[in-house]
Amino acid sequence: MPFELKATINLPKTAFPMKANLPQNEPKMLERWEQTGIYERIREARKGAPRYILHDGPPYTSGPIHLGTAMNKCLKDFIVKSKTMAGFDAPYVPGWDCHGLPIEIKVDKELGGKKLQMRPLDVRAECRKYAQKFLDLQRTQFKRIGVFGRFDRPYATMTPQYESVVLSTFFAFYEKGFVYKGLRAVYWCMHDETALAEAEVEYENHTSPTIWVKYALLDDPAAIDATLAGKKVSTIIYTTTPWTLPASMAVAFHPDEEYVALESGGEVYIVASKLAADVAAKCNLTDPRPLAHFPGRKMERLNFQHPFLDRTILGVLADYVTMDTGTGVVHTAPSHGAEDFITGMKYGLDATSNVDEKGILRNGLPEYNGQYVFKANPLIVELLRKRGALLHSDKLEHSYPHCWRCHNPVIFRATEQWFISMETPMPGGAGESDTLRTRTLEEIKNVKWDPAWGEERLSNMIQTRPDWCISRQRVWGVPIAVFLCEGCGKPLNDPVVNKKVVELFAKSGADAWFTPESDTILPAGTKCPHCGDARFEKETDIFDVWLESGASYLALMDDEPDYPWPSDLYLEGGDQYRGWFQSSLLCAMGTHATPPYKGVVTPGWTLDEKGQALSKSRGNDVDPVDISNRLGGEVVRLWVASVDFREDVVGSEALMLRVAENYRKIRNTFRYILGNVGDFSPQRDAVPFDQMEALDQYMLRQTCGFAADVRNAYEEFAFHKIYHRLNHFCIVDLSAFYFDVLKDRLYISAPKSQARRSAQTAVWRIGEALVRLLAPIMSFTCEEIWPYLPTVAARTQSVHLAQFPLTAEILGDAAIPTTDSKSDEEWVSLRAVRDEVLKALEEARNNKLIGTSLEAQVAITASDPVYSLLQRHAGELRYLFIVSAVTLAQGSGNGTGGVHVEVKKADGAKCERCWNYSTHVGEDKTYPTVCERCSAVLKELESQA
RNA sequence: GCAGGAUUAGCUCGAAGGUCGAGCCCGCGGUCGAUAACCGCGAGGCGUUGGUUCGAUUCCAACAUCCUGCACCA
């Protein structure tokens, strides 16, 4: 009985669904991974393999994740998974940064006025709850996008273990002499009597007096310019804060700007040239005559007279002096300005504040002493007028910092803070000049910065950064657990006591510092080594959160002692050059004298389609969790892989949709593979490489090239190259070329024929290679595909336990070379001819000569070497071009590449089975609608039936 | 203002001192045996201004725009 023809076609068949349903299926996959303990199983599988440590930078636990955080975690996941599949033991311990002001502020707002009556311990408990809530949320969200890691035991900066390491890191600095207590100008709210962080300052309008004040030069003016010899010379400063004049220690000039000496009314005034006219007008300098011009640097270290105090004022230089308002000369009070303070440090000026915590001026002249700063303003103006130092006064409405809570204007005030000195000589180092700063700069050179500009950027920052102020007057953080002498105020630094406090923290957490438990730490009889006093109190400041997160790898190693020092890689956004990269580096320098990382990678920022930074307030943010729920976490991952993360990247709904389209293409490529190997058993059916069809051999070599490119790209974290190479490979090489050509052979040949088995062998090996090469990025889909591929012995249960394919696995035999340049070049030529044929077919199609290409036969005219090449492949050309017949002629084809293609209607009739046209249709008596090729296949099938 | 980075097709990218190129998108068509698929053809571009060079989108310099961090007016 004859076969029904349609039933003899080997159409693809697979249970692997075309439609992914990612939002529904991914959570099921996550559950399976959770149940099987995929992360732990990977650890077991890689036990003893070379370690690769990507150390996670802790995100802040004050909200849900956004696209930037998602990208960050996906990139880390790509790296960890690709290292794992390259054979490394690459553990990943995610971390969270839990302390700090933003949470405290939010909790403040929730608590309202209640906070003022609460004990620090209770406020801390509220903050902890808040941080834990978002830690849990973010953990769920990171898992949702397919990130693998030690999520059940992450590191968190608020755990007792971590807090104890923060403290021991500080003590390492402290005991080695890096730490000092000193003054620093900070924002201060006189109403609330507290220091404020930048984030707690809001700018509002405020009316200030403006005054122009004369500072007389004490030194010989000839030193500036010979023409000034013997003259009475002064400079003029401008300020909006007269109350800071009692703290005036210096006058600052810009080193490179030009200044002018103006003579008027028998006196000489030095001001910036650019502002001279303005100053002369405001100060009523009649008939000003320029005597000399000179750069500001001439004024350095000259001495001036304070306008009303018995104090010598130093001429200093500062780059921040500007030429748009004032006089180009800036009165400098180190205790009352951030920049003034830095300049003061540089020139060794006194920064003692004579303004108390309530804003009252102390230790001053009777005219203003004991007055509140803003009340003192007019009094000081009057004093200046009396002393003949006031040249002009006015009022100015300008934006001025105010307290975010009470909305009163704030001031800068020098207060005592803890510092790590950048100028500390390194212990065991080469001497005084071998400091924390210089050694750090040296060590930066030993790190691999990616992109390379990171080295310069961080070096510039370390070069110019001030000493590290590590103290904060806050509640939610790790306390600087040091005992202070009640007699002289000096901090105790006893390694034995220090160790006991660290142990206390490890046991009971940093909260212990706020409980009586910590009072018992100090051994009885402890005396202050400075004054002998036996009474101590506990420091109430907490650490800068950057010191905390900077200690993260130290904390991780405390937990996992066999992790290597240093780690292999840190990966965070460019904002961390100021933050974590820097604080981690300094913490490592203080404890190990080497950096904590071998390499640092910096992704760019996430922007919208207009190049604006993504933010909730702008309303242009893209929520990765929302994308996961609607399009799939895999789409988020693929998007991350699609962009060059070293630059700023664009994220948008439209891009996600586009990536989702691409996903479907890749998925369909896999589906075709799976559909065509359904009846293929590698052990039984695989064809050895040397017996495969030339096209199949060629495609396996192409796959080797693809695999090599992909592995190289993983090596250099160039995921976007993988994404684009993958698309190209799937679309151009596989779908449009190989798989299209292969349909005839796979569908039409006898199922067990060598020709079909050869194709199946290649398709199967390609699938095996692809699924493993892509698993680090397409973690969900590759895991889904894994069990659908033909079973082979010794196969891991999860694709994530497998390793990248070796070329031997792709070709089936290690002895086969992965390239055959002669043959591969021939295939390049054949594909070029194919392109010409397709163009000619399209033309014929447009002329209504043919519809499907099988209705055509083509005649190709070519000259050598192409002609001989085609001649050698004459038998397979019709399949390569998917036409019914090909004839060759030698001659000078005048088409592209010396090839001319002519398309004609195919001879004969359409074979009902294979749709090719043949003049032999009708010859088979049993199957009169079939061509000679199908006739043979059907005979074979019948003999087997 | 300082430091660092970016600018190539509508989008995402690649390459290179010598007519730039890929995929997607878009337009047109084919197919109906990968079918919520598949195949073909086509259209479309190097931020601005100078310089080096036989030749510059590429190297150099300015400018513009955007991003990140720092500083921010005494």
Side-chain angles (χ1 to χ4, degrees), chain A residues 6 9-14 18-19 208 210-211 237-241 244 248 251-252 318-327 329-333 336-340 398-399 451 453-454 456-461 463-465 573-579 602 604-607 609-613 639 642-644 646-650 652 654-655 657-659 661-662 664-665 668-676 718 720-721 723-732 735-737 739-740 743 746-748 835 838-839 841-843 845-846 850-855 882 913-915:
Chain A
K6 182 98 171 175
I9 311 283
N10 315 303
L11 291 177
K13 203 176 146 192
T14 176
M18 168 178 263
K19 200 174 170 197
S208 301
T210 56
I211 52 171
I237 65 94
Y238 162 85
T239 183
T240 56
T241 52
T244 62
S248 187
V251 282
D319 289 334
Y320 56 79
V321 176
T322 58
M323 296 296 139
D324 37 273
T325 50
T327 64
V329 186
V330 175
H331 128 71
T332 299
H336 297 300
E339 292 183 320
D340 298 40
H398 60 151
S399 122
W453 51 254
E456 194 186 344
R457 184 162 173 193
L458 188 58
S459 291
N460 284 340
M461 287 176 157
Q463 188 79 254
T464 57
R465 70 159 294 154
D575 54 336
Q576 299 305 330
Y577 281 93
R578 156 189 102 86
T602 307
W605 223 244
T606 47
L607 311 173
E609 283 160 313
K610 293 181 204 122
Q612 304 285 307
W639 167 77
S642 76
V643 294
D644 181 358
R646 286 171 177 81
E647 310 292 347
D648 291 346
V649 303
V650 175
S652 66
L655 265 176
L657 290 171
R658 180 162 318 206
V659 169
E661 274 307 312
N662 267 311
R664 267 177 231 145
K665 181 75 202 184
N668 263 315
T669 303
F670 274 111
R671 187 157 187 269
Y672 179 93
I673 291 172
L674 298 175
N676 282 295
H720 64 294
K721 288 187 184 171
Y723 176 84
H724 288 281
R725 182 80 168 81
L726 169 68
N727 273 322
H728 196 270
F729 191 63
C730 285
I731 294 165
V732 178
S735 190
F737 172 62
F739 291 170
D740 208 25
K743 282 179 197 166
L746 285 168
Y747 300 175
I748 306 307
D835 287 339
L838 292 178
K839 277 193 182 67
L841 288 171
E842 184 64 20
E843 208 186 319
R845 196 171 285 132
N846 289 335
I850 56 166
T852 170
S853 59
L854 286 174
E855 290 170 32
I882 320 185
R913 182 168 179 274
C914 74
W915 297 347

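Note that the structure is a prediction, hence the values are computed from the model and not measured. Residue numbering restarts at 1 for every chain, and letters A, B, ... go by the order of the sequence lines.
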What is the distance, to the nearest angstrom, from the [atom1] atom on [X] to the [atom2] atom on [N]?
| X | N | atom1 | atom2 | value |
| --- | --- | --- | --- | --- |
| R725(A) | rA15(B) | CZ | P | 13 Å |
| K721(A) | rG21(B) | NZ | C1' | 15 Å |
| I850(A) | rC41(B) | CD1 | P | 13 Å |

Between the protein and nucleotides 57-66 of chain B, list the N/O to N/O atom pairs that are separated by less than 3.5 angstrom.
residue, atom, partner, partner atom, Å
rC66(B), O2', G611(A), O, 3.1

Apply ring-ring contact (aromatic ring centres under 6.0 Å, His included) to [X] and list each qualifying residue two or more places apart in sequence or on a separate chain.
| X | answer |
| --- | --- |
| Y238(A) | W212(A) |
| W605(A) | none |
| H398(A) | Y400(A) |
| F670(A) | none |

Quick one: label [X] by what it contacts on the DNA or RNA (base, sugar-phosphate, nothing), any heavy atom closer than 4.0 Å.
| X | value |
| --- | --- |
| V650(A) | sugar-phosphate |
| L655(A) | sugar-phosphate |
| G851(A) | sugar-phosphate |
| V732(A) | sugar-phosphate |
| Y238(A) | base |
| E843(A) | nothing |
| E456(A) | sugar-phosphate |
| H720(A) | sugar-phosphate |
| T239(A) | sugar-phosphate |

Given the [atom1] atoms of [N] and [M], what is the spacing between them in whole Å?
| N | M | atom1 | value |
| --- | --- | --- | --- |
| rG4(B) | rA71(B) | C1' | 15 Å |
| rC66(B) | rG27(B) | P | 33 Å |
| rU12(B) | rG17(B) | P | 26 Å |
| rC13(B) | rC70(B) | P | 26 Å |

Check your understanding: Listed by chain and number, what are the side chain to side chain donor-acceptor pair (under 3.5 Å) partners of D740(A), not counting sequence neighbours?
Key -> K743(A)
Study note, to complete from the structure: Tightest non-hydrogen contact, residues T327(A) and I237(A), listed as OG1-CA, 3.7 Å
Check your understanding: Which atoms form the tightest heavy-atom contact between A252(A) and V321(A), and what is the distance?
Key -> O-CG2, 3.9 Å
Review point. Got a sec, which residues hit side-chain contact (heavy atoms from CB on, under 4.5 Å) with D644(A), two or more places apart in sequence or on another chain?
Key: R646(A), E647(A), H720(A)
Review point. Of all residues at least two apart in sequence or in a different chain, which pass the side-chain contact (heavy atoms from CB on, under 4.5 Å) check with S652(A)?
Key: E609(A), A654(A), L655(A)
Study note, to complete from the structure: Between E647(A) and T244(A), whichever has its closest RNA chain B nucleotide further toward 5' is E647(A)
Exercise for review: Between H728(A) and H398(A), just flag the one whose closest nucleotide in RNA chain B comes earlier from the 5' side.
Suggested key: H728(A)
Between [options], which nucleotide gets closest to the side-chain atoms of [X]?
| X | options | value |
| --- | --- | --- |
| N460(A) | rC13(B), rA74(B), rA3(B) | rA3(B) |
| D575(A) | rG14(B), rA22(B), rG69(B) | rG69(B) |
| T240(A) | rG14(B), rG4(B), rA74(B) | rA74(B) |

Check your understanding: In terms of the angle between their ring planes, are Y747(A) and Y672(A) parallel, tilted or perpendicular, with boundaries placed at 30° and 60°?
Key -> tilted
Point to revise | Contact letters for nucleotides 33-40 of chain B, in which S counts primed atoms plus P, OP1 and OP2 and B counts the base, heavy atoms under 4.0 Å | key: BBSBSSSB
Review point. Any Lys/Arg nitrogen of R664(A) or E661(A) sitting under 4.0 Å from an Asp/Glu carboxylate oxygen of the other?
Key: yes
Check your understanding: Quick one: does R578(A) reach the base of rC70(B) with a side-chain donor-acceptor pair under 3.5 Å?
Key -> no
Practice item. Counting Watson-Crick and G-U wobble pairs whose two distances are both under 3.5 Å, find the runs of 3 or more in a row that involve RNA chain B. Key: B:1-7 with B:64-70, B:10-14 with B:20-24, B:26-30 with B:38-42, B:47-51 with B:59-63
Review point. What residues, two or more places apart in sequence or in another chain, satisfy salt bridge (charged side-chain N to carboxylate O under 4.0 Å, His left out) together with E843(A)?
Key: none
Check your understanding: Does R725(A) have any salt bridge (charged side-chain N to carboxylate O under 4.0 Å, His left out) partners at least two apart in sequence or in another chain, and if so, which?
Key -> D709(A)
